[in-house]
Amino acid sequence: MAGTSSPIPHETAHSYAAATDHNSILKSIKEVAESPNLLSNIPSNYAYFSKPAASAVRADNTDCDSIPVIDFSLLQSASSDQRSKVIRDLGDACQCWGFFMVVNHGVPKILMESMLDKCDEFFNLTPEEKLQFEGKHVLDPIRCGTSFNTSVEEVNFWRDYLKVMVHPIFHSPSKPRGFRRWRWDDFADELPVDVLKRIAAIKVYPNLEDIEYRTHVLRSCIAVWEVWNYIKPARHGTHDLRLGFQEWFIGNIQQTTIRHVARVLLRGISASLGLDELQIERSMDWEMGQQILVANYYPPCPRPDLAIGMPPHSDHGLLTILAQNQVDGLQIQHNGKWVPVHASPNSFLVNTGDHIEIFSNGIYRSVLHRAVVNSRETRISLAIANGPSLNAMVTPAPQLIDKNRDSTGARYKSMAYGEYVQLQQSSRLNGKSALDNLRV
Ligand SMILES: O=C(O)CCC(=O)C(=O)O
Ligand SMILES: [Fe+2]
């Protein structure tokens, strides 16, 4: 079974690393890492491990080749035998690991690369430019910062982040150029009414009836094609309008396809629990489901044996889909050992979140994972968290309550997803402490 219910205590060693002034407003880790004063040691407030022997870098020697791999295309196979087999594999992966690698997912490589590039550009904005996206509240739709929650943590992590809520309402920082998919204001007044109507219908997902993915993409393509043609002979004919459309289109597809991957996986997971394949979606109000893009930036660290990018934790939500810039660093806990994950090119790394654990009444567990850093190259990861609607009250599925022989009923109390996110994000990132609050 992946993960354990008890958080792993972290170790601090302020005496080991060089002393520093720990300001209340912490510099970004990018600035710290690029500081000319940073030679071979790290400021003491980043020393997570008490001694190099406790290093995260040397993970336990478990064979990472055994990490389950799910061929996404088989989940949509016309052959029911193939589908049944991959659903069983998915169930085994959730039960034994809480983690799997997804290949053949259909999200174009170029889209993931463009997202990684744009996030890299974001982290390279000046501190003043980034300040406007800092956010004040954990549920603000766009916020960036360093570490995890500097107002409550004793030790800081070697990590900067950008968090953007992209569903049900699509948000996007206005910088860097191209991060936004939508330059509506630039041309809305110029378009014919029927085209405007069609685009508005596509833009606002919840207003659409339960459309299927292909129809959705097809409609987007038609609208883009129409607008593209409209823009071409337009009076102003500016290059920018076309570029704006291209960005919007890419953003739209990115969001749709990653949500599509998450949705199909959740259908498989629901079926693997012996339930209707739509039960997870229905009970989580998926159409209004929260999707958050978390971009993590881990610059090279002179003491990767002392610092940590992200400490052991589980994620809120249902499934986190992670892509990275070819630099490994994720480790997952399996049978009490840390297993380093090597991602195949163009794969997604997927982990089950706390709300899968709650929904399945503990049959599937959210997996403990952490991110380690290295001394050579910057790692960027995009963790796309797919969760219930913020208003959804998440409870164990009624059919699963009696399935656990050692359980007399529901193992978790219910809580609105939004409240849970708020709780987890305002606390110290510490193992599965947020979920522990809900255990019966
Ligand atoms: O960067 C990684 O590999 C892990 C990121 C992560 O766990 C998170 O953003 O929740
Ligand atoms: Fe995580």
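Each ligand, and each atom within it, is numbered from 1 in the order the structure gives. Worth knowing before you read on, the calculation uses all heavy atoms, side chains too, and leaves out hydrogens, waters and symmetry mates.
Counting heavy atoms closer than 4.0 Å to ligand 1, residue T320 contributes nothing at all. For M310, every heavy-atom contact with ligand 1 shorter than 4.0 Å involves the side chain, none the backbone. Residue-level proximity to ligand 1 for L349 is absent, since no heavy atom of it falls below 4.0 angstrom.
Near S381, the atoms of ligand 1 lying under 4.0 angstrom from a non-hydrogen atom of the residue are 1 (O), 2 (C). Each of the following atoms of ligand 1 lies closer than 4.0 Å to a heavy atom of Y298: 1 (O), 2 (C), 4 (C), 5 (C). Counting atoms of ligand 1 from 1 in the listed order, those under 4.0 Å from a heavy atom of L322 are 2 (C), 3 (O), 4 (C), 5 (C). Near H369, meaning under 4.0 Å from any of its heavy atoms, are these atoms of ligand 1: 7 (O). Within the listing of ligand 1, atoms 9 (O) sit less than 4.0 angstrom from a heavy atom of A383.
The minimum heavy-atom distance between A383 and T320, with the atom names listed, is CB-CG2, 3.8 Å. Between R428 and V152 the shortest heavy-atom distance is CD-O, 3.4 Å.
Centred on the Fe ion (ligand 2), the angle running from D315 (OD1) to H313 (NE2) is recorded as 90°, rounding to 10°.
The pair R88-D92 does not meet the salt-bridge criterion, since no charged nitrogen lies less than 4.0 angstrom from a carboxylate oxygen.
Using a 4.5 Å heavy-atom threshold, the side chains of Q279 and P398 count as touching.
The Fe ion (ligand 2) is closest to atom NE2 of H369 (considering only N, O or S atoms).
Ligand 1 has no atom lying under 4.0 Å from any heavy atom of Q324. In this structure, Y161 has no heavy atom closer than 4.0 Å to ligand 1. Put simply, part of H313 is less than 4.0 Å from ligand 1, judged by heavy atoms.
Using cut-offs of 30° and 60° on the angle between ring planes, the pair Y420 and H355 is perpendicular.
With hydrogens and angles ignored, the 3.5 Å screen pairs no side-chain donor or acceptor of K432 with any backbone N or O of L368.
A cation-pi contact, defined as under 6.0 Å to the ring centre and within 45° of the axis, links R259 to W286.
Closest protein heavy atom to atom 5 (C) of ligand 1: N296 ND2, 3.4 Å. R379 NH2, 2.8 Å is the protein heavy atom nearest to atom 3 (O) of ligand 1.
You'll find the ring centres of F72 and F348 outside the 6.0 Å limit.
Remark: the N351 side chain and the D315 side chain contain an N/O donor-acceptor pair separated by less than 3.5 Å.
Evaluated for a side-chain hydrogen bond (donor to acceptor under 3.5 Å, both in side chains) with K30, the options N124, T146, D160, T378 yield exactly one hit, N124.
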